[in-house]
S.K.: 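What follows is a single structure, and I will ask about it in a moment.
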There are 2 protein chains.
Amino acid sequence: MTSPNTREAILAAASELYADRGYDAVSMRDVAAAVAIQPASLYHHFKDKDALILAALEHVFSARAAPARDILLEDRPPGKRLDAFIDWLVRLYFDDAAFARLTIRGLLDGNDERKAYLATTVIDSVFAPLSQLISELSAAVDPGLTAASIISLIVGHSQVASTFVHLPRKLRALGEADALSAHIKGFVRRSLGLSNPSEAAP
Amino acid sequence: MTSPNTREAILAAASELYADRGYDAVSMRDVAAAVAIQPASLYHHFKDKDALILAALEHVFSARAAPARDILLEDRPPGKRLDAFIDWLVRLYFDDAAFARLTIRGLLDGNDERKAYLATTVIDSVFAPLSQLISELSAAVDPGLTAASIISLIVGHSQVASTFVHLPRKLRALGEADALSAHIKGFVRRSLGLSNPSEAAP
DNA sequence: GTCTATACGCGGATAGAC
DNA sequence: GTCTATCCGCGTATAGAC
């Protein structure tokens, strides 16, 4: 029962729609239309709208953690790995607007159970190696809090950017992943006491 | 026309409801019920739902901008002002969960027109003095980008906190405004090249 | 597994009396 | 300015044929 192909297609379409417009604003009719099936058919694959939302969330998040982990654990100097991680995360939030929005919706709309599940499975698999990396780079800072700050900084930037670009100032870097990434790397490095990109790697 | 009291009551009730449940999930009937008037009466005060949302957003945001501005422009050394601003903003996002959610919803659900309006009116009134302050503190960084980073950092923290507290680590500071504030002040100060809180003020 | 048809309530919005 | 009454479309969900 439940053809895998249709199910996958539904999840792909639903993720994108939800990310774009939010859970409430996307009707089952919308999802069905995007997959070119009848609304009633959705209910063959998912019990109700809530089940579809949860499945869509899981579908998206599980794909992202592995690459991040790889970067953090690579066989390179810690300074390089930190840079690479920041580059990767900025790019992810920059290029994949759907993912960025889903992240926030998860933080905003997710109930505690959902958050706890995400934290212990997906997030910690990135958070733990990042904390470890920071402790290798500086003994003067709290690795956990600093890891949280780095992620917060990037996630925060990805959100405020859409509003800040309207400010009556030229903050062009906010609209270019590479420029923003360079700025954030500098910001974080200085905070860790690593003055410039090339000298930092022991 | 339009009794100011009723209008205010509507805005107060609507802000809270929107923050809690999102724009889509809150019906005009819900708002009306919260104010104990009939749904139709809302349309005497606001043209349609969209106008109500915008007015509610403005209502909340403009009330917060003035104190922030005051802190940034006080007659104190720049280092002290920066610390005070961070303290204040962390507290705001920490204590006022409704405001925190409304911020995110504004970033997430707001259409471009809404964002541009908020950016040029409310946000810039805080952003401009903050940039100015940073340029006084350090000639080595881009004031605009750094201002954006400081705000992003705090906004980001306020959001991820609800998920990060579920991590299998002791990040107690994420749950205490003062501790988080201290960490962020240190993070930012180091990034600006101001080593410790007391020496920084010229 | 996907379709057609349909029940049924909710939500935005307006008309017009008071 | 607030009310009652009402229009009408949209959204979730189910029944049952193919």
Side-chain angles (χ1 to χ4, degrees), chain A residues 1-59 101-102 105-106 108-111 114, chain B residues 1-60 101-102 105-106 108-114 117:
Chain A
M1 350 157 169
T2 68
S3 134
N5 288 341
T6 303
R7 198 190 141 90
E8 282 299 301
I10 293 170
L11 287 176
S15 316
E16 199 147 324
L17 288 170
Y18 290 149
D20 266 4
R21 287 151 45 193
Y23 304 126
D24 288 325
V26 174
S27 68
M28 297 297 269
R29 290 180 211 266
D30 291 335
V31 175
V35 196
I37 61 175
Q38 293 303 310
S41 303
L42 291 175
Y43 291 84
H44 178 78
H45 300 274
F46 304 94
K47 179 179 155 287
D48 56 18
K49 185 176 181 175
D50 219 59
L52 174 55
I53 292 174
L54 186 59
L57 260 181
E58 246 182 292
H59 176 255
R101 287 190 174 161
L102 267 188
R105 295 208 186 274
L108 195 61
D109 302 333
N111 54 31
R114 212 140 64 191
Chain B
M1 347 152 170
T2 72
S3 132
N5 289 339
T6 303
R7 198 191 142 92
E8 283 298 302
I10 293 170
L11 288 176
S15 315
E16 200 147 322
L17 288 170
Y18 290 148
D20 267 3
R21 288 150 46 192
Y23 304 126
D24 289 325
V26 174
S27 66
M28 296 297 270
R29 288 172 156 88
D30 292 334
V31 175
V35 195
I37 60 174
Q38 293 303 309
S41 303
L42 291 174
Y43 291 84
H44 178 76
H45 300 274
F46 303 95
K47 180 180 155 288
D48 55 20
K49 184 176 181 174
D50 219 61
L52 174 56
I53 291 174
L54 184 60
L57 265 179
E58 205 190 334
H59 172 75
V60 170
R101 284 191 178 163
L102 212 53
R105 298 217 183 267
L108 196 59
D109 301 332
N111 54 32
D112 252 31
E113 200 182 350
R114 214 137 69 188
Y117 174 80

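In what follows, every chain begins at residue 1, and chains take the letters A, B, ... in the order their sequences are listed.
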S.K.: Which nucleotide sits closest to the side chain of B/Ile37: C/dC3, D/dC3, C/dG1?
M.R.: D/dC3

S.K.: Does the side chain of A/His45 get closer than 4.0 angstrom to OP1 or OP2 of C/dT2 through an N or O atom?
M.R.: yes

S.K.: B/Phe46 has an atom CZ; how far is it from atom P of C/dG12, in whole Å?
M.R.: 15 Å

S.K.: Could you run down nucleotides 4-18 of chain D 5' to 3' and tag each one B, S or - for protein heavy-atom contact under 4.0 Å?
M.R.: B------BBBBB---

S.K.: Mind running side chain to side chain contact (heavy atoms under 4.5 Å, CB included) on B/Met28 and B/Leu52 for me, showing each step along the way?
M.R.: CA-CA 9 Å; B/Met28 296 297 270; B/Leu52 174 56; 4.0 Å; yes

S.K.: Would you find a donor on one side and an acceptor on the other, under 3.5 Å apart, between the side chain of A/Asp48 and the backbone of A/Ala51?
M.R.: yes

S.K.: With the side chain counted from C-beta on, respond yes when B/His44 and B/Thr6 share a heavy-atom pair under 4.5 Å apart, and no when they do not.
M.R.: no

S.K.: Name all residues meeting the side chain to side chain contact (heavy atoms under 4.5 Å, CB included) criterion together with B/Arg101; count only those two or more places apart in sequence or in a different chain, and write none if there are none.
M.R.: A/Leu108, B/Ala19, B/Asp20

S.K.: How would you list, by chain and number, every residue that makes a ring-ring contact (aromatic ring centres under 6.0 Å, His included) with B/Tyr43, sequence neighbours excluded?
M.R.: none

S.K.: For the residue pair B/Arg7 and B/Ala55, what are the closest heavy atoms and their distance?
M.R.: NH2-CB, 4.4 Å

S.K.: Check the distance between C/dG11's P and B/Leu42's CG and give it to me in whole angstrom.
M.R.: 13 Å

S.K.: Taking OP1 and OP2 of C/dT2, is either one under 4.0 Å from a side-chain nitrogen or oxygen of A/Thr6?
M.R.: yes

